[in-house]
Amino acid sequence: MNPSTDETPTDDQHTFRYTGSLAHEIELRWQDRWDAAGTFDTPNPAGPLAAPPNSAGPNRVGPSVDSPKLFVLDMFPYPSGTGLHVGHPLGFIGTDVWGRFKRMTGFNVLHAMGFDSFGLPAEQYAVQTGQHPAITTAANVATYRQQLRRLGLAHDRRRSVATSDPSYYRWTQWIFNQIFEAWYDADQRRARPIAELIAELDAGTRPLTDGSDWASLSRVERAEVIDGYRLAYIAETPVNWCPGLGTVVANEEVTADGRSDRGNFPIFKRSMRQWMMRITAYADRLIDDLELLDWTDSIKAMQRNWIGRSEGARVRFASPAGPIEVFTTRPDTLFGATFMVLAPEHPLVATLTSPDQRAAVTAYQRAAQAKTDVARQVDDTTKTGVFTGSYAINPVNDAEIPVWIADYVLMGYGTGAIMAVPCGDQRDFEFARQFGLTVPAIQQPPAEWFATNGTEPSLDTATWAMAYVGNAPYVNSSNGELQLDAMTDIAQAKHATNDWLVATGHGHATINYKLRDWLFSRQRYWGEPFPIVFDDDGVAHSLPDAMLPVELPPTEGFSPRTFDPDDAMSDPESPLDRLEDWVHVELDLGDGRGVRRYRRETNVMPQWAGSCWYELRYLDPTNEHRFVDRAVEEYWMGPQGEGHPGGVDLYVGGVEHAVLHLLYARFWHKVLFDLGHLSSKEPYHRLFNQGYILAAAFKDEREIYVDAHAVTEHDGAFSFEGNPVTREWGKMGKSLKNAVAPDEIYDVYGADTLRLYEMAMGPLDASRPWETRDVVGMYRFLQRIWRNLIDEQTGAIRTVLPALDDPTERLLHRTVAGVRADMEAMRFNTAIAKLIELNNHLTKLGGCPRDIAEHVVVMLAPLAPHMAEELWSLLGHTATLTYTDFPVADPAMLIDATIEMPVQVNGKVRARIIVASDASDDVVKQMALAEDKVIAALAGTKPKKLIVVTGRMVNIVV
RNA sequence: GCCCGAGUGGCGGAAUGGCAGACGCGACGGACUCAAAAUCCGUUGUCCGAAAGGGCGUGUGGGUUCGAGUCCCACCUCGGGCACCA
């Protein structure tokens, strides 16, 4: 498309007209002044930033720690090589407008912006350009800072952080050590220092779970026991191996179709030794504490869903290979369990497999391992599987039931083994049909169920169309001790079964989670090194604080080793492994063992590490003694009253981090809270998801995207270089070739227009399509404000009208009341509409009285701060508008002497009457019935009913 | 399949159960101009009508109510999330 923005509007006669170039000049000037004066510097109650901000002049009224505080936060960006497009800053502008508004209503507002500069995007960009990531990252951060500054965002620049800065990741490493040196006490439901565990073990008050004697264990054996408790630990577990990226990734980074969310490469489940974080210990609290948060229900639902809490039972089935433990949510169906299914990777499979089945089992296992998760899900109607040749014993009836392996049972969920109840579970039902296994009925389904399926009521499951799941009388479900027959309630039957399981020692009720421990190591270069070394016995030691940070060693060999994306059997290699001199060190860890040889951990932390706590570092960015000062954290994030968990007052970002960043950050925060380092239980008290800016994208006949800038429209048809193209809408970005750079808008209209346009497009939480040709509307609005206040020939202020007329004054107060309420509720689009209405009224007046000019400028300040500051200064004020009080409406001016009320007959408006605003309902009734139009509409019929909604309207029913 | 959202003019959108379409874009007409741009003024849901005026209108079908875009039920469509989770 060819927007009209190609020519900069200029006007020779009107030297002081508000044009793009004047806006540009004003904006740069005010940005410099704000920076020089430290206008947005926010004081802390203690520590290095406690000093009051620079004075901006004698009239400066600055923020104070005695004011109510407000911590406004954006999800910080990762600085990509392509810079910002106009879709990125939508949320940043929203928080800026709100933060500026709150400053004007007396809050001490903290608003800062940092950079998530470690991780794959930065590293991949570096690999592409062949430059070291430290160099490209620094350059990209500088570009972002410049682009964000140009938007006029009121950030405290002193508080900016970058996660790849050693002074930052020193504390990321310190927090890792806190987690490593902690364990979860399930009885107290909180993390405690590992030293307290060791003390309990030493004292013998905490016996070992395997019954062995702590006192008789060797140093290495003790270390193994302790490592089994740590919240950060190394374990051999099934992980997501991505050969295409050359690294393992977390479950949360795998898409629904079994590919990496970065790069879209296939993911293979492989068992590997990796660093894990025991986030599962917090599963309950991560669910329960959602109640305390002001988040949308959909995000809460996504987190609950991801954690996937389900109540059920563990049941042990005897087998030749020893007990096989299963998890089931339906212990009440135990009598219907006629076979078992193990995941192909289940450790007992090898011992269970009989010699005659070995070849088939091994072949099936091999095939399953080579499949990606997506391939395992391709066809969910045809079940595959292999009999192991062994039988297990069903504890309720001592029946011998065959043990199979099948890939519909996942090693990563429950125990990796199930009891199959084909009459009551659709998957088991299909499997039994597929392999001709017996399907006894254990419930008598109701007649309606058969009717819906078009089958005759019968207990012969061969006639059933599907498995039955629901409340129905149990049959064939009793033994000498457990009587389920004749029960009809699932909950009751579950309860009875659970009691029996405990009484007989066959199992117990339990809660299972979908959530898995967090895979925390990556075979990459551009990330935080672990503050961990291994001794000659392979025991892991965290480095003492004095040895932090462990700096990422400079090397030209930063490229990760990647593989054929489909090569499941390749093995990860860490770039840091190649740095022999760095890997091997001699250290005195201060543990009394003197200087010894150690080997460094060569994995790095995942991208998410730095973003797990960055909001805390904004609070106290220069503190060299702690990650954040206690008093400072309590001031900005402490709980505010009973039941308040504390946390950031407003956190704005995209919905895409619903389960990744937001879950990890909550977990870290809770650990730090448990260990006494924080006063807040949750990091983000209020979460707001802004929408996305969508933009038209165009595809040619080959289905290839073409540059949206070069597409032309003619009578609703689109073409590119003379060829027809088709339009679709998508997230703005490089891949759809539809990105619009903010510079394109600054150059033509200025940053204030861009800010206003993005805020006026619609509600902040809604996605909306970008239309460059619409931007001019907000430019015209600013231009009209300017013209109403400024003489375009001389540039002088022209608030000519002497006094306010009554209607204008009433409109002003209505506007003040409305804009204030809209701003508070972040309804910036309607706030802008109200300001436009007021300004359009002023345009009609042909001038602007002084009082009204000041009110307009102050109300405009959060939205278009540069123009507002400029006009404020032209009106003769010397101090910044930043801390000027936002106007408050006079309630008396909101009540009109007379009001116009519509009169409806049967819900249709037939007339309007002007009545005194305090007129009684009776008076209103008489006036309504006296209207000619009403009399005509009634046509002589007597009204059945007459409703007066006081101050609103009249409805006459005939 | 399950769980969240959302459907309003040509477009983005506005409406504590009380005048549907605020505000903006676009379009049309006018003023200014030699002309154009910019600016200013006016019109703009739709149908019938010269007008006055009237009919119909918030995805579809029901319901509650004096009154429904808004609340309830069923359905359709679109967007997002989850999904062989035992």
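A note on names: the letters A, B, ... follow the listed sequences, proteins ahead of strands, and every chain is numbered from 1. Quick note: numbers below take in every heavy atom, side chains included, and nothing from hydrogens, waters or symmetry partners.
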Could you state the atom-to-atom distance from [atom1] of [X] to [atom2] of [N] in whole Å?
| X | N | atom1 | atom2 | answer |
| --- | --- | --- | --- | --- |
| A:Arg912 | B:C19 | CZ | P | 10 Å |
| A:Leu515 | B:C82 | CG | P | 14 Å |
| A:Leu342 | B:A86 | CG | C1' | 13 Å |
| A:Glu792 | B:C40 | CD | C1' | 12 Å |
| A:Glu325 | B:A86 | CD | P | 16 Å |
| A:Leu845 | B:C41 | CG | C1' | 15 Å |
| A:Arg910 | B:G55 | CZ | P | 5 Å |
| A:Lys834 | B:G24 | NZ | P | 14 Å |

Rounding to an integer number of angstrom, what distance separates [N] and [M] when you compare their [atom1] atoms?
| N | M | atom1 | answer |
| --- | --- | --- | --- |
| B:U33 | B:C78 | C1' | 49 Å |
| B:G79 | B:C47 | P | 31 Å |
| B:A22 | B:G9 | P | 13 Å |
| B:A15 | B:A86 | P | 42 Å |
| B:A20 | B:G5 | P | 29 Å |
| B:G45 | B:G24 | P | 15 Å |
| B:C25 | B:G42 | P | 14 Å |
| B:G55 | B:G1 | P | 44 Å |

If you check every side-chain atom of [X], which of [options] has the closest atom?
| X | options | result |
| --- | --- | --- |
| A:Thr843 | B:C66, B:C41, B:C82 | B:C41 |
| A:Ile947 | B:C84, B:G18, B:A86 | B:G18 |
| A:Arg773 | B:G10, B:G18, B:C82 | B:G10 |
| A:Gln783 | B:A86, B:U39, B:G12 | B:U39 |
| A:Glu837 | B:C25, B:A22, B:C19 | B:A22 |
| A:Arg17 | B:A86, B:C66, B:A38 | B:A38 |
| A:Ala301 | B:C84, B:A86, B:C3 | B:C3 |
| A:Ser310 | B:A86, B:G55, B:G24 | B:A86 |
| A:Lys514 | B:C85, B:U16, B:C84 | B:C85 |
| A:Pro763 | B:A86, B:C23, B:A14 | B:A14 |

One pair to check against ring-ring contact (aromatic ring centres under 6.0 Å, His included): A:Tyr757 and A:Trp770. What are the steps and the verdict?
CA-CA 10 Å; A:Tyr757 172 65; A:Trp770 175 270; 4.9 Å; yes
Single hit among A:Gln434, A:Gln426, A:Arg427 for side chain to side chain donor-acceptor pair (under 3.5 Å) with A:Glu430:
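Of all the options given, the one that passes is A:Gln426.
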Checking one value: the base orientation of B:G45, syn if chi is within 90 degrees of 0, otherwise anti.
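Base orientation: anti.
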Within the 4.0 Å heavy-atom criterion, would you say [X] contacts the bases, only the backbone, or no part of the nucleic acid?
| X | answer |
| --- | --- |
| A:Lys844 | sugar-phosphate |
| A:Asn955 | base |
| A:Val949 | base |
| A:Met953 | base |
| A:Asn840 | sugar-phosphate |

Mind telling me whether A:Tyr749 and A:Tyr779 have parallel, tilted or perpendicular rings, with 30° and 60° as the class edges?
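Ring orientation, 0 to 90° scale: tilted.
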Look at the rings of A:Trp404 and A:Phe431 and say which category their plane angle falls in: under 30° parallel, 30 to 60° tilted, over 60° perpendicular.
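The arrangement is perpendicular - the two ring planes meet at more than 60°.
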Are A:Phe435 and A:Phe339 an aromatic pair, judged by ring center distance below 6.0 Å?
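No, the ring of A:Phe339 stays outside the 6.0 Å limit from the ring of A:Phe435, centre to centre.
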Is any side-chain heavy atom of A:Val856 closer than 4.5 Å to a side-chain heavy atom of A:Leu838?
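In contact.
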What I'd like to find out is whether the side chain of A:Trp295 reaches to under 4.5 Å of the side chain of A:Leu662, using heavy atoms alone.
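Side-chain contact under 4.5 Å: yes.
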Nucleotide forming a Watson-Crick or wobble pair with [N], both distances under 3.5 Å:
| N | value |
| --- | --- |
| B:G69 | none |
| B:G42 | B:C28 |
| B:C23 | B:G12 |
| B:C2 | B:G81 |
| B:G49 | none |
| B:G7 | B:C76 |

Between A:Tyr692 and A:Lys731, is there a cation-pi geometry (under 6.0 Å to ring centre, at most 45° from the normal)?
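Yes.
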Considering all heavy atoms of both residues, which atom of A:Phe828 and which atom of A:Met759 are nearest to each other, and what is their separation?
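Closest pair (atom of A:Phe828, atom of A:Met759, distance): CD1-SD, 3.6 Å.
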Of all heavy-atom pairs between A:Ser917 and A:Asp896, which one has the smallest distance, and what is that distance?
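In terms of heavy atoms, the two residues are closest at OG-O, 2.6 Å.
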Does a side-chain N or O of [X] approach OP1 or OP2 of [N] to a distance below 4.0 Å, or not?
| X | N | answer |
| --- | --- | --- |
| A:Arg304 | B:C82 | no |
| A:Lys908 | B:C56 | yes |
| A:Asn829 | B:A14 | yes |
| A:Asn305 | B:C85 | no |
| A:Arg780 | B:U39 | yes |

A:Arg784 vs A:Met302, nearer the 5' end of RNA chain B by closest nucleotide
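Here A:Arg784 is the residue nearer the 5' end.
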In terms of the nearest nucleotide of RNA chain B, which residue is placed more toward the 5' end: A:Pro769 or A:Ile832?
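Going by which nucleotide is closer to the 5' end, it is A:Pro769.
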Ignoring hydrogens and angles, does a donor from either the side chain of A:Asp774 or the base of B:C25 sit under 3.5 Å from an acceptor on the other?
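Absent.
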Report yes or no: is there a donor-acceptor pair, N or O only, under 3.5 Å between the side chain of A:Lys383 and the base of B:C84?
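Check passes, donor-acceptor contact within cut-off.
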